[in-house]
Amino acid sequence: MSANKPLPVVVLISGSGSNLQAIIDATQRGELPVELRAVISNQADAYGLKRAQQATIPTEILDHAQFSDRPSYDKALQTLIDQYEPGLVVLAGFMRILTPEFVEHYLGHMINIHPALLPKFPGLHTHQRAIEENENEHGATVHFVTSDVDSGPVIIQARVPVHPEDTPDVLAARVLEQEHKIYPEAIRLIAEGHITFVDNQAIYKGTALAASGINSAIN
Ligand code: GRF
């Protein structure tokens, strides 16, 4: 994680990969000191695989349907990931629940982006739920992955307004635009060594970040 040595990164996806694209773009612009070693998908038709191929990043498909249970899939996934010796595993729309053993193996070295202001709205259909619950703000969260789903110390959040006329799709698009900014930013902070994971906390400049992450330290 020194300033001179790029951080090796493996990205896991299941779908479109627009966050992956934002990470690729930021890396190609020279903004992230990372080496994107591989993109792995559990879905053979994930569009993100094409994005990776266009950027000449090695791709792998590991289809969960070929495995009888979650532990055996996660074990195979771990073996595959570790062949690339990543310092950071980035979950970018990887639509799988992970076993505690898998999470433990990468503890402090695996991050996720979730389309809500955690701890609000873990799980699915976050945009619809934010509208139904009359939230006036919504957003996205990048966090270290710990064994609770959509939990773990927050690194950074982006907030957007919710307008009365919003549909879930309109709100999702507003949030996604922010995801594409905060995910590369979180990766940069980790790759440059500014954010670390210690004792189940995200540490920034020697201090544990508050529940809303880096914004609370900067503002
Ligand atoms: C994003 O909304 C992300 O927050 C969630 O899954 C979606 C992935 O989108 N975890 P994409 O594949 O990066 O376009």
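We count ligands from 1, going down the list as the structure has it; atoms in each ligand are counted the same way.
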Q) Quick one: which of Gly48, Gly93, Ser18 has a heavy atom closest to atom 11 (P) of ligand 1? A)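 Ranked by closest heavy atom to atom 11 (P) of ligand 1, first place is Ser18.
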
**Q.** Contact check: Gly17 vs ligand 1, nitrogen or oxygen atoms, below 3.5 angstrom
**A.** yes

Q.
Please report whether ligand 1 has a polar contact with Leu20, defined as an N or O pair separated by less than 3.5 Å (distance criterion only).
A. no

Q. In this structure, which one of Leu118, Ile156, Ile155 forms a side-chain contact (heavy atoms from CB on, under 4.5 Å) with His143?
A.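 Passing option: Leu118.
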
Q.
Exactly one of Leu107, Asp150, Leu91 should register a side-chain contact (heavy atoms from CB on, under 4.5 Å) with Val145. Which one does?
A. Leu91

Q) Under the side-chain hydrogen bond (donor to acceptor under 3.5 Å, both in side chains) test, which residues partner Asn42, sequence neighbours left out? A) Ser14, His64

Q) Looking only at heavy atoms, is any part of Glu179 under 4.0 Å from ligand 1, and if so is it the side chain, the backbone, or both, or is it neither? A) side chain

(Q) Tell me the protein heavy atom at minimum distance from atom 10 (N) of ligand 1, and give that distance in Å. (A)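 Sorting protein heavy atoms by distance from atom 10 (N) of ligand 1 puts Ile113 O, 3.0 Å first.
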
Q) To the nearest 0.1 Å, how far is atom 9 (O) of ligand 1 from its closest protein heavy atom, and which atom is that? A)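 Its nearest protein heavy-atom neighbour is Asn19 ND2, 3.9 Å.
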
Q: Can you establish whether the number of heavy atoms outside Asp199 located under 6.0 Å from its atom CG is more than 12?
A: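 Result for CG/Asp199: open.
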
Q.
Check this for me: His125, atom NE2, are more than 12 non-hydrogen atoms of other residues, nucleotides or ligands nearer than 6.0 Å?
A. no

Q. Which heavy atom of Leu117 sits nearest a heavy atom of Thr141, and at what distance?
A. CA-OG1, 3.6 Å

Q: Would you please determine whether Ile13 falls within less than 4.0 Å of ligand 1 on a heavy-atom basis?
A: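 For ligand 1, residue contact (heavy atoms, under 4.0 Å) with Ile13 is absent.
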
(Q) Which of the numbered atoms in ligand 1 are under 4.0 angstrom from any heavy atom belonging to Ser16? (A) 12 (O), 14 (O)

